[in-house]
Structures are given as C-alpha cells and as structure tokens.
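This report concerns only the one structure given below.
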Amino acid sequence: MKITGAKVIVTCPGRNFVTLKIETDQGISGIGDATINGRELAAATYLAEHVIPALIGRDPRQSEDIWQYLYRGVYWRRGSVTMTCIAAVDMALWDIKAKLAGMPLYQLLGGASRTGVLVYGHANGRDTAEVIDEIARYQAMGYRAIRAQSGVPGLEEVYGVGKGKLFYEPADRGAVAKEALWSTPEYLDHTPVLFDKLREKFGFGVELLHDVHHRLTPIEAARLGKSLEPYRLFWIEDPTPAENQESLRLIRQHTVTPIAIGEVFDSIHDSHQLIKEQLIDYIRSTVLHAGGITHLRRIADLAALYHVRTGCHGATDLSPITMGCALHFDLWVPNFGIQEYMRHSPETDAVFPHAYSFDTGYLHPGETPGHGVEIDETLAARYPYQAAYLPVARLRDGTMWNW
Ligand code: CS2
Ligand code: MG
C-alpha cells in the first residue's frame, strides 16, 4: 500500500482550521488536524513544504516508522509547529488504518474501556449572575461537569468570558494581537466568592472546574487553590506557567485542590517531571498539539504509573477532527479523567461532518470505520483564511503578562 498524494486545506468557517488529507493507492484517504490558533499558516507551510514531499511513496500502515522519521529526521526536535504537524500525519494514518480494518479507531487501540466519554462544557459570564444562568443552561442540556469562568470586577475583559454563548472563540481578527489588561489581586479576591455563590446555588451534585490560564505565580496559585478547597473543584487548570515543572512543587505543598496542566505541551518531556513527582492530577495534552495518537498514548501510559488521569483539551480552535480522534482515544485509555467539549459552530460542523454524538453529559465517537470525521472540501473552499490572533495581556504598569 502506498501514499500517492497529500494536501493541506485551510478553511475559516468562523475561525481558521488547517487540515491535512492523505490519499493512497487503494482509494482510502485519511485526514488530520494541524490547527494552531494564531499560527495556522506556519503549520500549513510546514506540512506543504517539509512533510508532504517526504510522505509520497511510503506505506501508510507504517504509522510508527513515519512518526519516528518526522520526529528524529527534522533534527530540530519538538516545538508546537513540528509536533502539531506530526500529529496531523498521525491522525490521518490512524484514520486510514482503521478504515482499512473496517473498524472504529478505538477498536485498534484496545477497544472500549467505558460506555461513554464524560465531558465538561463552558459556562461563562460577565458576572456571577450570568455564570449561574449559564450553569443552569448547561445542566439542562445534560452536562454533569461544567467549567465556570467569570468577569472580574475592575477588569474590562478576561480570558474565558466569551462574546457569544455556547461556543467561545478568543482569537480576534486582524494583523496583530489585541492587548488586554490583567491584574491578579482583583482575580484572587473575586474567584473564591464566585465559587461560594455557585456551590450555594447548585450544591455539590455538579462537578465544577476552573481555568486559571497561566496567569498566577506559584505562591498566588497556592493561595487560590487553598481558598477554593471548601468548594471541592474537579480541578483548577494551568494555575501557573509550567515551563518550569518544579514550580508546581510549591503549589502542591499548600493545597489539595486537584491540578490539570498540559494543553500547551507538545511532548512527554514537557510533563515528565510533573507526572513522575505527581505534581498534577490530570494531563491535558492532546492528540493535536502533542504529536498525535501515537505520542499521546505514551504520555497516558506514563501518567497511569503515577495515578495521573487524562483531561484532554477540547476548545473550539481544535477542529472536529481532533475531537473525533480524542473521543476514540478517551473511550480506550484506561486512566481516563474527563474530556473538554467546547461545541463548534454550525458552520464548522457543516465543514467537518462527524459521527460523534452527545448524550446526557457524555460523548461517544460512533462506530464509523476510521475516526469518524470527514471534511467537505467544496464547503471548506468557501471560507478563505482570515488572519486572527489570540490576545496578549499586560499588567497595569505595562509589563507583559500571560493571557
Ligand atoms: C482554554 C483554551 O479551553 C481551554 O482550556 O485554555 O480555550 C485556550 O485559551 C485556547 O485553546 C487558545 O487557543
Ligand atoms: Mg485551558
């Protein structure tokens, strides 16, 4: 069996997505996601110029050897562009292999370890009253786990509070990123009050999550984790930037609030110490940004040795292809925790028809051979790329901070 061709499809049904399509001499094709929010064209060029020429003529069933070739052969290993592009190839090759076997992808990984994939949705609001309304709405939709993000008094715009409802797109159209003001003291004062009100309103029958989004120093994150202990959160996410994995030791010394990190990680080396020292409870790495199913399996297997569970990132800037692959992975992985599920827009769902479905707080990938997601190329062509960037944050004195 041989790869006869491959192409990159960039489309923007409300937001940009980069898709790799690989074709074979047996008429079976596979697709993979290569979307990096704000750096889409870097991935598209990397694939077109440096990956596709190396794929032609190879056997698509040799997904491991191709992975190793693209990882070791680049010399300049790792990094979000390289690992996202390797991931796109990997997703497409697993799609082809599962179609060849006539099975849904999860069967090739080891079959189902559960009947469905527990997901969490995003309840956002400018203030506590709006967050309460949104949580009630997500509960009515059947969600058992809900992330709560709120505006902060004194700050105009903060991460996680969307312009619209149901789905949230943080990237703004334009040639350069918008600048947003951040101030930690107001956030540290406001957040425990928010969750006190949420638990008073909803009790403890719903799992509540919160994304700190890299904005605190370790000691500030320790304070936040401690202040939230009475509200028993499912997790606080990205409490502090985790390039320095040791910094999680300080947070761990002060609080038992569970910690989830990893959506910006691109390899096992970014989380190796966090996992081995049990500095986190959930690893958020994804099939998209961490080298595909082939690499994410390795991360999950290491995590399983240290009681760390998966909690894959699943925002709107990860295409339905990533969601499809993630759900097959989630259905199989023994140390599953939870899956993020930010719904895509109807335009996006039309471009990426898929087999996965939502029911009473769980997603299921479906039984279609492959990963169960396709791309409508004719429709995709109607939405040309539009430059868009994630915001950057500055403190009141102008210091660059973490958005
Ligand atoms: C967030 C993301 O969903 C999350 O946990 O961290 O929405 C993140 O801000 C975006 O994926 C960035 O593009
Ligand atoms: Mg996050």
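Just follow the structure's listing: the first ligand is 1, and inside any ligand the first atom is 1.
- Counting only N and O atoms by type, the side chains of Glu340 and His122 include a donor and acceptor under 3.5 Å apart.
- Nearest N/O/S atom of Asp211 with respect to the Mg ion (ligand 2) is recorded as OD2.
- Taking 2.8 Å as the criterion, Glu237 counts as a coordinating residue of the Mg ion (ligand 2), since one of its N, O or S atoms falls below it.
- With respect to Asp270 and Arg78, a salt bridge is recorded, a charged nitrogen being found less than 4.0 Å from a carboxylate O.
- Between Val287 and the choices Thr322, Asp90, Asp330, Asp33, the side chain to side chain contact (heavy atoms under 4.5 Å, CB included) rule is met once, by Thr322.
- Of all protein heavy atoms, the one lying nearest to atom 6 (O) of ligand 1 is Glu263 OE2, 2.5 Å.
- Close approach to Leu390 involves these atoms of ligand 1, each under 4.0 Å from a residue heavy atom: 12 (C), 13 (O).
- The atoms of ligand 1 that sit less than 4.0 Å from any heavy atom of Ala315 are 2 (C), 3 (O), 7 (O), 11 (O).
- The protein non-hydrogen atom at the shortest distance from atom 10 (C) of ligand 1 is Asp317 OD1, 3.4 Å.
- What sits closest to atom 1 (C) of ligand 1 on the protein, heavy atoms only, is Tyr159 OH, 3.0 Å.
- Evaluated for a side chain to side chain contact (heavy atoms under 4.5 Å, CB included) with Phe17, the options Ile321, Asn37, Leu318, Thr348 yield exactly one hit, Thr348.
- Atom OH of Tyr69 has 12 or fewer heavy atoms from other residues, nucleotides or ligands within 6.0 Å.
- Of all N/O/S atoms in Glu263, OE1 sits nearest the Mg ion (ligand 2).
- On a distance-only criterion, Asn37 and ligand 1 share at least one N/O pair closer than 3.5 Å.
- Counting heavy atoms of neighbouring residues, nucleotides and ligands inside a 6.0 Å radius, atom CZ of Arg199 exceeds 12 of them.
- Looking only at protein heavy atoms, the nearest one to atom 2 (C) of ligand 1 is His313 NE2, 3.5 Å.
- If you check which protein heavy atom lies closest to atom 9 (O) of ligand 1, you get His213 NE2, 2.8 Å.
- At a heavy-atom cutoff of 4.0 Å, ligand 1 is contacted by no atom of Gln149, backbone or side chain.
- Atoms of ligand 1 found under 4.0 Å from any heavy atom of Arg147 (numbered from 1 in listed order, with element): 3 (O), 4 (C), 5 (O).
- Counting atoms of ligand 1 from 1 in the listed order, those under 4.0 Å from a heavy atom of His122 are 3 (O).
- From the protein, the heavy atom lying nearest to atom 3 (O) of ligand 1 is Glu340 OE2, 2.4 Å.
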